[in-house]
Engineer: 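Take a look at the following structure, please.
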2 protein chains.
Amino acid sequence: MSETQLRALVVDDERAIRRFLRTSLTANGYVVFEATNGGEALEAVVRDRPDVMILDLGLPDMDGTQVTARLREWSHIPIIVLSVRDQEGDKIAALDAGADDYLTKPFGVGELMARMRVVLRRVAHPEPEPVFATRDLVVDLARRLVRVRGHEVQLTPTEYDLLRVLVTHAGKVLTHQQLLRQVWGLGYEGESHLLRVNISNLRQKIERNSARPEYIITEPGVGYRLRLEI
Amino acid sequence: MSETQLRALVVDDERAIRRFLRTSLTANGYVVFEATNGGEALEAVVRDRPDVMILDLGLPDMDGTQVTARLREWSHIPIIVLSVRDQEGDKIAALDAGADDYLTKPFGVGELMARMRVVLRRVAHPEPEPVFATRDLVVDLARRLVRVRGHEVQLTPTEYDLLRVLVTHAGKVLTHQQLLRQVWGLGYEGESHLLRVNISNLRQKIERNSARPEYIITEPGVGYRLRLEI
DNA sequence: CGCCATCTTGACACAATATTGACGCCTTTT
DNA sequence: AAAAGGCGTCAATATTGTGTCAAGATGGCG
């Protein structure tokens, strides 16, 4: 077992439930952090670096499944979803969005603790940095913000997805196929003109001179990669 | 997505439940194996090499939790426990014994499939990366990166393919024919000048002095090989 | 219904790569 | 020692891949 205490993030808008979970978790040796809505939850993952997240489905600002999906864009943190809803559809949606478990309220504390042990016992993946930064390019994956040379850049959803994939594999060559699959989904493997147009648009927005790209480098015949070195 | 079908082992002593699970799993693209008791289950894991196991708690010869514990002595196969018992103590015992999830009967097939996807997606992830390295030449086949003496080298698609073939048969002599077939495809067996030009270009990029190659060695009259020894 | 932003498609200029041919060197053979 | 064949390099041309622009299609939203 690890020497240092494990860190748990509790996300629930009800004060009573947060209190109850804090008490139970603290008694079981966790350090507890709290968030009351989806936005705060994403920030807290960045700030507090929890090892596990306990997420209520019904949040005021966004759906718990949405929070899960957003988080899975850049984090592998184990997520246990709690919900009063026992509908199969909700469970499937949350689990397929990336949640690791789904518990229906009311539940026993012992069961929750056992399920936390299950998700925690798998070897921790090295977590990628929630904020990527090289030279003058900053990509805040948690907030979906992109800043170049001090200025915030407005990207379309496709452009952002493309940049996100490049950034989460920074330095590595991504083939046309890989990029098309990860951004457009299966069945777009051949549509390389989509990639060309969007890479071009992205470069217009983040490169100083798109004819001499500093960040998005073409690997002719293969794909693209985000350059890390100077 | 994986090309080959995933293999599921169903362990239950009730014929009706095995039938039901076989139908559902087959419909979802799994290859299904069956066992009716704990002893058979352990044998089946060895013999059938399933990717995931669905285990009923109430077995005639030994308890499902025992099966889980025995299995965990040597296997990491994901285990989803099914049970009619909704007692918290049973759940905790099974999960702590090494089960990955616990579903109480009756359950929806959709939920079972979603939970199977959850346990399978983490097993699918850790993929060993084939990286070839010898002295000062590193070829990362997964990322398509080539580094020589600390510097990354830009190769054209043909040059990379050629190097890839040499590297995957490192140390062995590859005939002109073999190389032409593997890089250019069938019908190019006679075009050995293609090979000469590309070997030359490749040497310019990776050898210190292409007149005295250290890596790509000519076997006169036969072909080329990638040298392993110093 | 029409506006807006975004996505997709097609056309074209330009860049990178592949192929070909020419030539000289080296090794082996006679 | 000369000839022949295999090999390596260079440079030219052919082919393919890539970047950009702009027009048309799509879809969300008031």
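Here is how names work: the chains are called A, B, and so on, in the same order as the sequence lines, proteins then strands, and each is numbered from 1.
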Engineer: Among all residues two or more places apart in sequence or in another chain, which pass the side-chain hydrogen bond (donor to acceptor under 3.5 Å, both in side chains) test with N201(B)?
Structural biologist: none
Engineer: Which residues pass the side-chain hydrogen bond (donor to acceptor under 3.5 Å, both in side chains) test with Y30(B), sequence neighbours left out?
Structural biologist: none
Engineer: Strictly below 4.0 Å, N to O, side chains only: are D101(B) and R117(B) in salt-bridge contact?
Structural biologist: no
Engineer: For L180(A) and dT8(C), what is the distance between atoms CG and P respectively, to the nearest whole Å?
Structural biologist: 11 Å
Engineer: Once side chain to side chain contact (heavy atoms under 4.5 Å, CB included) is applied, do any residues pair with R225(B), and if so which ones, sequence neighbours excluded?
Structural biologist: V173(B), I217(B), E219(B), R227(B), E229(B)
Engineer: Just the table, please: protein N/O against nucleotides 23-25 of chain C N/O, every pair under 3.5 Å.
Structural biologist:
none

Engineer: Please round to the nearest 0.5 Å and tell me the distance separating atom NE2 of H169(A) and atom CD of Q178(A).
Structural biologist: 7.5 Å
Engineer: Which heavy atom of G38(A) sits nearest to which heavy atom of L59(A), and what is that distance?
Structural biologist: N-CD1, 3.8 Å
Engineer: Just the endpoints, please: which first and last nucleotides of DNA chain D, 5' to 3', lie under 4.0 Å from a heavy atom of chain A?
Structural biologist: dG17(D) to dC21(D)
Engineer: Could you check whether R7(B) makes a cation-pi contact with F33(B), meaning its NZ or CZ is under 6.0 Å from the centre of the six-membered ring and within 45° of the ring axis?
Structural biologist: no
Engineer: Please enumerate all residues that pass side chain to side chain contact (heavy atoms under 4.5 Å, CB included) together with F107(B), with sequence neighbours excluded.
Structural biologist: L21(B), L82(B), L103(B), K105(B), L112(B)
Engineer: Check the distance between dT9(C)'s C1' and L195(A)'s CG and give it to me in whole angstrom.
Structural biologist: 15 Å
Engineer: Expected output is a numbered-order residue list: members of residues 200-221 of chain B with a heavy atom under 4.0 Å from any atom of DNA chain C. What is it?
Structural biologist: none
Engineer: For P213(A), what residues pass the side chain to side chain contact (heavy atoms under 4.5 Å, CB included) criterion, not counting sequence neighbours?
Structural biologist: R203(A), E207(A)
Engineer: Could you work out how much the helix from dC1(C)-dG30(D) to dT30(C)-dA1(D) bends, comparing the axis of its first five pairs with that of its last five, to 10°?
Structural biologist: 30°
Engineer: Could you tell me whether D86(A) and K91(A) make a salt bridge, using a distance below 4.0 angstrom between a side-chain N and a carboxylate O?
Structural biologist: yes
Engineer: How long is the line joining OH of Y224(A) and P of dA16(C), in whole Å?
Structural biologist: 13 Å
Engineer: Can a side chain N or O of W184(A) be found less than 4.0 Å away from OP1 or OP2 on dC7(C)?
Structural biologist: no
Engineer: Measuring from atom CG of L120(A) to atom CD1 of I80(A), what distance do you get when rounded to the nearest 0.5 angstrom?
Structural biologist: 7.5 Å
Engineer: Considering residues at least two apart in sequence or located in another chain, which fulfil the side chain to side chain contact (heavy atoms under 4.5 Å, CB included) criterion with E189(B)?
Structural biologist: Q177(B), R181(B), L186(B)
Engineer: With the threshold set at under 4.0 Å for non-hydrogen atoms, list the residues of residues 186-193 of chain B touching DNA chain C in residue-number order.
Structural biologist: E191(B), H193(B)
Engineer: Can you tell me how far CD1 of I206(A) sits from CZ of R147(A), rounded to the nearest 0.5 angstrom?
Structural biologist: 14.0 Å
Engineer: Got a second to check how far E214(A)'s CD is from N209(A)'s CG, nearest 0.5 Å?
Structural biologist: 8.5 Å
Engineer: side-chain hydrogen bond (donor to acceptor under 3.5 Å, both in side chains) with T158(A): which residues, sequence neighbours excluded?
Structural biologist: none
